[in-house]
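This report refers to the structure that appears directly beneath it.
We're numbering straight along the sequence, starting at 1. Every heavy atom of this structure was used, including side-chain atoms; hydrogens, water molecules and symmetry mates were not. Since this is a predicted model, take the numbers as computed values, not measurements.
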Amino acid sequence: MENIVLFQKILLVLFTIAFFWKLIKYMWSFLSMEKEPVTVLVTGAAGQIGYAIVPMIARGAMLGPDQPVILHMLDIEPAAESLNGVKMELIDAAFPLLRGVVATTDVQEACKGVNIAVMVGGFPRKEGMERKDVMSKNVSIYKAQASALEKNAAADVKVLVVANPANTNALILKEFAPSIPEKNITCLTRLDHNRALGQISEKLNVHVGDVKNVIIWGNHSSTQYPDVNHATVTTSGGEKPVRELVANDQWLNTEFITTVQQRGAAIIKARKLSSALSAASSACDHIRDWVLGTPKGSWVSMGVYSDGSYGIQWSIVQGLKIDEFSRGKLDATAQELIEEKSLAHSCLN
């Protein structure tokens, strides 16, 4: 009798082990299941920024190290051969996360099924051109691309406009893609945000990762306002306000602001080419934080459709105190945006 009881106990133990082993294997199959690929569109992909950003996306810098991607690359017909060369390099790099590459000059094909659109392509201002001439060219480009996204992209597509004038190009895109939620159409101010972080870290000789919560208000232009009134630095003694650590309001209210505002021009002067690496990296930062979220207690800058917060710009962060100096800077960049909006509408008409 005792042998039978012992045998039953052994069977019960073996059954329990087998059951839990199967349960563990079943749960592990879900953990190890590969995510569905995300389709990312990059316009102007044969250009400088495009060439810099596509390997970053393929390597996981935009959406994470476990997110497969399919790249759709669009450029104009004269750049078709160069675009095909970029495709060949992406294939040669053998990125494990890259599940497919489409290189095309057809905007409808490029926009088909895209989940994320990074709009790098645009008409650059050339010497002797008036603002209205540049605006007219970009209105035409973004009107066509907005219509293609409206027709072909995923219903919840997230759009980031990089090409200048970025804020107004994003507004044009919103006007001609009414089915895309306005909160899903953004423009790049993260580059200016990162430039501000870099300047503070250099000034204080601290790691840039220890600086947070700067704000870029307004237009991506020389009227933008880099604001450090709410920025902090993580120190051995805890978080300290940037203004307290810098202890030089004159520098923060003058040289710091102009350096960030004019950084792009300084890079062109030094390189004889516009910012590409930093713009591409910032675009990846923008999308990554948008999709995956920011750390608790931190915020970042995005150009988004204004809902009137602070009299100017929509922001997920509310209740910030705006001093008189900041108010003047915000009003100036708001006025420029209003002028650009009027100019864009005049081009449409």
Side-chain angles (χ1 to χ4, degrees), residues 28-75 83-104 110-121 149 153-154 156-163 184-195 197-198 207-212 275-296 298-302:
W28 180 255
S29 70
F30 280 97
L31 292 173
S32 61
M33 190 179 295
E34 187 175 89
K35 294 179 178 179
E36 284 294 312
V38 171
T39 301
V40 181
L41 165 67
V42 177
T43 71
Q48 273 204 101
I49 298 174
Y51 186 73
I53 198 172
V54 290
M56 295 181 185
I57 298 169
R59 194 177 287 279
M62 178 178 281
L63 294 170
D66 62 345
Q67 179 58 66
V69 294
I70 297 170
L71 272 171
H72 284 200
M73 302 190 300
L74 174 70
D75 218 308
L83 186 65
N84 193 48
V86 177
K87 179 180 178 179
M88 288 190 283
E89 287 205 71
L90 285 169
I91 293 168
D92 293 348
F95 293 109
L97 292 174
L98 189 58
R99 293 293 183 266
V101 184
V102 174
T104 182
C111 292
K112 190 171 183 180
V114 301
N115 306 109
I116 293 168
V118 184
M119 317 300 284
V120 177
L149 283 170
D156 60 349
V157 63
K158 288 180 167 60
V159 183
L160 166 60
V161 177
V162 176
N184 282 18
I185 298 174
T186 65
C187 71
L188 187 69
T189 58
R190 184 61 178 270
L191 175 55
D192 308 304
H193 181 100
N194 288 353
R195 286 168 172 167
L197 293 176
H207 190 275
V208 71
D210 292 330
V211 187
K212 69 177 185 179
S275 310
L277 184 154
S278 55
S281 179
S282 298
C284 286
D285 291 344
H286 176 117
I287 296 292
R288 184 187 64 248
D289 288 341
W290 190 4
V291 173
L292 303 178
T294 55
K296 187 177 180 180
S298 297
W299 62 66
V300 293
S301 301
M302 296 169 62

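Scanning all heavy atoms of the two residues, the minimum distance from Met119 to Leu149 falls at CE-CD1, 4.1 Å. Nearest heavy-atom pair, Val69 versus Ala58, reported as atom, atom and distance to 0.1 Å: CG2-CA, 4.2 Å. What you find for Asn115 and Pro37 is that their closest heavy atoms are OD1-O, 4.5 Å. Across all their heavy atoms, Ala103 and Lys87 have their closest contact at CB-CD, 3.9 Å. Shown here for Gly121 and Ala163, the closest heavy-atom pair between the two residues is O-CB, 3.4 Å. When every heavy atom of Lys212 is checked against every heavy atom of Ser298, the shortest pair comes out as CD-OG, 3.5 Å.
Residue pairs that meet the side chain to side chain donor-acceptor pair (under 3.5 Å) test with at least one member in residues 58-69, sequence neighbours left out, are Lys35-Asp66.
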Show your working on side chain to side chain contact (heavy atoms under 4.5 Å, CB included) between Ile53 and Val118 and close with a plain yes or no.
-> CA-CA 10 Å; Ile53 198 172; Val118 184; 4.2 Å; yes
Please step through side chain to side chain contact (heavy atoms under 4.5 Å, CB included) for the pair Val157 and Asn184, ending with a clear verdict.
-> CA-CA 7 Å; Val157 63; Asn184 282 18; 5.8 Å; no
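Between Phe95 and Leu90, some side-chain heavy-atom pair lies under the 4.5 Å cut-off. Proximity of Lys158 to Leu160: side-chain heavy atoms (C-beta onward) are nowhere separated by under 4.5 Å. The side-chain heavy atoms of Ile287 and Val40, taken from C-beta on, include no pair separated by under 4.5 Å. Counting heavy atoms from C-beta on, the side chains of Val38 and Met62 never come closer than 4.5 Å. Two residues are said to be in side-chain contact when any heavy atoms from C-beta on lie closer than 4.5 Å; Thr39 and Leu41 fail this criterion. Counting heavy atoms from C-beta on, the side chains of Leu63 and Ile116 come closer than 4.5 Å. Contact annotation: the side chain of Asp289 never approaches that of Met302 to less than 4.5 Å [non-hydrogen atoms, C-beta and beyond].
Within 6.0 Å of OH on Tyr51 lie no more than 12 heavy atoms contributed by other residues, nucleotides or ligands.
Between the CD1 atom in Ile57 and the CE atom in Met73 there is a gap of 10.0 Å [rounded to 0.5 Å]. Taking CG from Asn84 and CD from Glu89, the interatomic distance works out to 11.0 Å, rounded to the nearest 0.5 Å. Separation of atoms CG (Leu188) and OG (Ser282) is listed at 6.0 Å; rounding is to 0.5 Å. Rounding to the nearest 0.5 angstrom, the gap separating the OG atom in Ser275 from the CD1 atom in Ile49 is 7.5 Å.
Side chain of His72 to backbone of Val102: no donor-acceptor contact under 3.5 angstrom is found. Panel note: side chain Asp75, backbone Ala46; a donor-acceptor pair is recorded below 3.5 Å. In this structure, Arg99 contributes its side chain and Pro96 its backbone to a donor-acceptor pair below 3.5 Å. Under the 3.5 Å distance criterion, the side-chain polar atoms of Ser301 are left unmatched by any main-chain donor or acceptor of Thr189.
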